[in-house]
Amino acid sequence: MIDEGRALFVQIAENVEDSIVDGSLAEDSRAPSTNELAAFYRINPATAAKGVNMLVEKGVLVKRRGIGMFVAIGAREQLRLERRAAFAARFIQPLLAEARTLGLTPDELATLVREQAAARPASAAHPSAPAPTAPFPEGDAR
């Protein structure tokens with residue numbers, strides 16, 4: 001799903017990253033080409049290329065001359081570490097700040113988290129969370 005409020009090339013890069021993190025795009029496998037991404041999202045190939053090049057600069061994708069783009073070895077772990085740090089900054093730090101405001105100890109906070117996790121199975125998605133999207137349609141060659 002494309003979000004009109006954000007740069008398309010960033011969304012393309014994030015969707016490819018999502019596929020790497022969730023394992024649907026394995027390390028050392030061929031990544032979707034610029035043309036495949038452009039056709040799937042119905043965007044200009046230059047915009048898709050900008051997103052792909054972002055991932056190349058980040059070391060997530062590697063170019064193999066004459067063959068195409070491939071997911072770099074170690075890309076999944078790299079992305080997971082980045083996301084873990086972003087998760088901590090976006091969610092854990094504010095959670096800890098609020099817990100301190102409420103006078104909760106780390107043990108009390110951990111108990112609350114465990115209780116909430118037990119009450120809601122891990123497989124249940126947050127109601128406001130967007131559905132995952134693949135970087136290209138099912139059945140297309142990777």
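Note that this is a predicted model, so its numbers are computed, not measured.
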Smallest heavy-atom separation, L37 atom then A48 atom, equals CB-CB, 4.0 Å

Minimum heavy-atom distance A88-P94, with the two atoms named: O-CD, 4.4 Å

Within one Ile-Leu-Val-Met-Phe-Trp-Tyr cluster: I20 and V62, side-chain cutoff 4.5 Å: no

same_hphob_cluster(L96, L104) at 4.5 Å side-chain heavy-atom cutoff: no

pair K50-N53: side-chain heavy atoms closer than 4.5 Å: no

Going by the side-chain hydrogen bond (donor to acceptor under 3.5 Å, both in side chains) test, which pairs reach into residues 93-108, not counting sequence neighbours? T105-E108

Give a yes or no on this: more than 12 heavy atoms of other residues, nucleotides or ligands lie within 6.0 Å of atom CZ of R83. yes

Quick one: pull up CD in Q11 and CD1 in I43 and give me the separation to the nearest 0.5 Å. 9.5 Å

Rounded distance [0.5 Å steps], CZ in R42 versus CG in L8: 14.0 Å

Can you check whether V16 reaches V52 side chain to side chain, under 4.5 Å on heavy atoms? no

So which heavy atom on A31 is nearest to which on L61, and how close? CB-CD2, 3.7 Å

Could you tell me which residues satisfy side-chain contact (heavy atoms from CB on, under 4.5 Å) with R65, sequence neighbours excluded, listed by chain and number? none

Salt-bridged, R30 to E36, with N to O below 4.0 Å? yes

Would you tabulate the side-chain donor-acceptor contacts of residues 66-82 under 3.5 Å, counting partners in other chains and residues two or more places apart, or write 'none'?
{"residue": "R76", "atom": "NE", "partner": "V21", "partner atom": "O", "Å": "2.8"}
{"residue": "R76", "atom": "NH2", "partner": "V21", "partner atom": "O", "Å": "3.0"}
{"residue": "Q78", "atom": "NE2", "partner": "K58", "partner atom": "O", "Å": "3.0"}
{"residue": "Q78", "atom": "NE2", "partner": "E82", "partner atom": "OE2", "Å": "3.3"}
{"residue": "E82", "atom": "OE1", "partner": "K58", "partner atom": "NZ", "Å": "2.9"}

Point-to-point distance, once rounded to the nearest 0.5 Å, from CZ of F9 to CG of L55: 11.0 Å

Taking all non-hydrogen atoms of both residues, which atom of Y41 and which atom of I12 are closest, and how far apart? CD1-CD1, 3.2 Å

Tightest non-hydrogen contact, residues L25 and P32, listed as CD2-CD, 3.9 Å

Residues T34 and P45: closest non-hydrogen pair is CG2-O, 3.1 Å

